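Written below as structure tokens is the structure these notes are about.
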Amino acid sequence: MSNVLDTFLTENLQELRDQGLYNEVDPVEGPNSEKIQIRGKELINLSSNNYLGLATNDELKRVAKEAIDKYGVGAGAVRSINGTLDLHVILEEKLAEFKGTEAAISFQSGFNCNMAAISAVMDKNDAILSDQLNHASIIDGCRLSKAKIIAFKHSDMEDLRAKAKEAQESGLYNKVMVITDGVFSMDGDIAKLPEIVKIAKEFDLITYVDDAHGSGVTGKGKGTVKHFGLEKEVDFQMGTLSKAVGVVGGYVAGTQSLIDWLKVRSRPFLFSTAVPPGDVAATTAALQMIIDSTELHDKLWENGDYLKAGLKKIGFDIGASETPITPCIIGDEKLTQQFSRALFEEGVYAKSIVFPTVSKGAGRVRNMPTAAHSKETLDKAIAIYEKVGKELGIIK
Ligand code: PMP
């Protein structure tokens with residue numbers, strides 16, 4: 001290894017470890033469902049984004065296997081050459097139906113979808129108004145576009161309005177976009193989309209909503225834009241297929257002309273191999289399940305409310321979540337990690353989230369109940385939280 005790289009890595013890794021900020025990755029030895037196994041230990045799983053339990057659904061496994069038998073394990077090429085299988089077209093039609101738009105385009109992941117879609121439309125002569133707490137993939141997509149990034153205070157509509165006015169009145173930009181998460185995954189709060197759309201209309205902003213954590217969860221499963229009835233008002237309805245939908249991939253749903261443009265200007269569509277057939281077929285079937293029934297959605301919310309009430313009752317600060325995402329805010333990074341490790345020892349997997357994922361001093365253990373959890377499992381988790389919380393002096 002070069003000396004300069006060696007010094008860089010040694011110094012920086014040590015600094016992260018000293019600050020309690022080095023994230024150890026724990027491989028899961030089996031399915032990522034209600035319970036998981038890590039290092040041979042069975043744990044109650046409160047850390048997955050498998051909100052509806054679909055990642056391990058038997059019918060979806062069957063559909064994926066059937067597609068693999070028919071098409072093979074790989075798509076064989078990028079979408080724009082001959083990696084577009086009829087399965088991708090069917091998925092995109094289903095996505096447009098799901099989101100109430102004219103058309104949709106799918107990508108290999110939510111992350112590369114944001115990188116692709118933002119930079120396909122915005123450039124150095126443009127500006128992007130971006131919520132301060134937007135996801136890393138939005139931030140990277142904005143950076144890649146080379147547009148001027150103007151962060152507004154989290155869900156602060158006065159700040160957004162003032163910055164939108166300033167940007168438009170400056171005359172410096174050809175286009176101005178406002179971009180926000182639909183559901184903010186660290187606190188579980190919902191973006192104020194009706195106000196955002198109103199401001200967007202007033203100042204002629206392009207609107208982009210990343211509903212990675214809303215689809216399957218809010219709007220009776222159809223997402224946050226649907227929750228507010230704004231399908232015709234939001235230009236980019238972006239989402240991921242890896243969380244509630246249970247598989248993998250990202251998408252943008254919008255007008256036919258927007259999707260036509262993304263198909264010729266999104267670099268991962270042009271230069272990265274398409275999602276494999278088994279995943280595509282399973283995704284379409286998962287979307288159909290979410291469209292056909294709210295049973296899993298209803299169970300998810302019931303479990304979320306139950307866990308929240310239980311943790312609040314024993315004295316945890318669960319923040320101001322409006323969705324099943326339930327943070328336990330601890331603050332100090334080292335205590336947060338110690339708490340998460342102690343939960344592990346007692347049989348709960350709830351990952352600590354610290355800087356840089358959240359701001360410094362806002363360390364938390366984040367709980368993601370799913371439709372797959374039973375009440376009995378949630379009761380066990382709450383009892384473990386109480387024991388460990390008292391032992392570490394986090395609750396009285
Ligand atoms: N956007 C948001 C808001 C997310 O939380 C995530 C996933 N962490 C992504 C995009 C990326 O999605 P994916 O995991 O499908 O790449």
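If you're wondering where the values come from, they're calculated on a predicted model, not measured in any experiment. Order of listing sets the numbers, starting from 1, for every ligand and every atom in it.
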Would you check if the distance from the ring center of H135 to the ring center of F184 is below 6.0 Å?
no

Pairing of K153 and D131 as salt bridge, 4.0 angstrom limit:
no

Please write down residue, atom name and distance for the protein heavy atom closest to atom 1 (N) of ligand 1.
D210 OD2, 2.6 Å

Using the benzene-type ring in the case of Trp, are the ring centres of Y385 and F339 under 6.0 Å apart?
yes

Parallel, tilted or perpendicular, judged at 30° and 60°: which one describes the rings of F236 and Y208?
parallel

Given side chains that start at C-beta, do those of K351 and R366 come closer than 4.5 Å, heavy atoms only?
no

Provide the number and element of each atom of ligand 1 under 4.0 Å from a heavy atom of A212.
1 (N), 2 (C), 3 (C), 4 (C)

Between E333 and K360, is there a side-chain heavy-atom distance shorter than 4.5 Å?
yes

Going by heavy-atom distance to atom 14 (O) of ligand 1, choose the closest among S242, G141, G182.
S242

Nearest protein heavy-atom contact for atom 12 (O) of ligand 1: which residue, which atom, what distance?
G110 CA, 3.4 Å

Looking only at protein heavy atoms, what sits closest to atom 9 (C) of ligand 1 is H135 CE1, 3.4 Å

Which atoms of ligand 1 have any heavy atom of K243 under 4.0 Å away?
4 (C), 5 (O), 6 (C), 7 (C), 8 (N)

Supply the atom-to-atom distance T283 OG1 to L287 CG, rounded to the nearest 0.5 angstrom.
7.0 Å

Could an N or O of ligand 1 be found under 3.5 Å from any N or O of F111, whether backbone or side chain?
yes

Which residue and atom name correspond to the protein heavy atom nearest atom 5 (O) of ligand 1, and how close is it?
H213 NE2, 2.6 Å

With respect to atom 15 (O) of ligand 1, which of T180, D211, T240 exhibits the smallest heavy-atom separation?
T240

Looking at ligand 1, does S137 have a heavy atom less than 4.0 Å from it?
yes

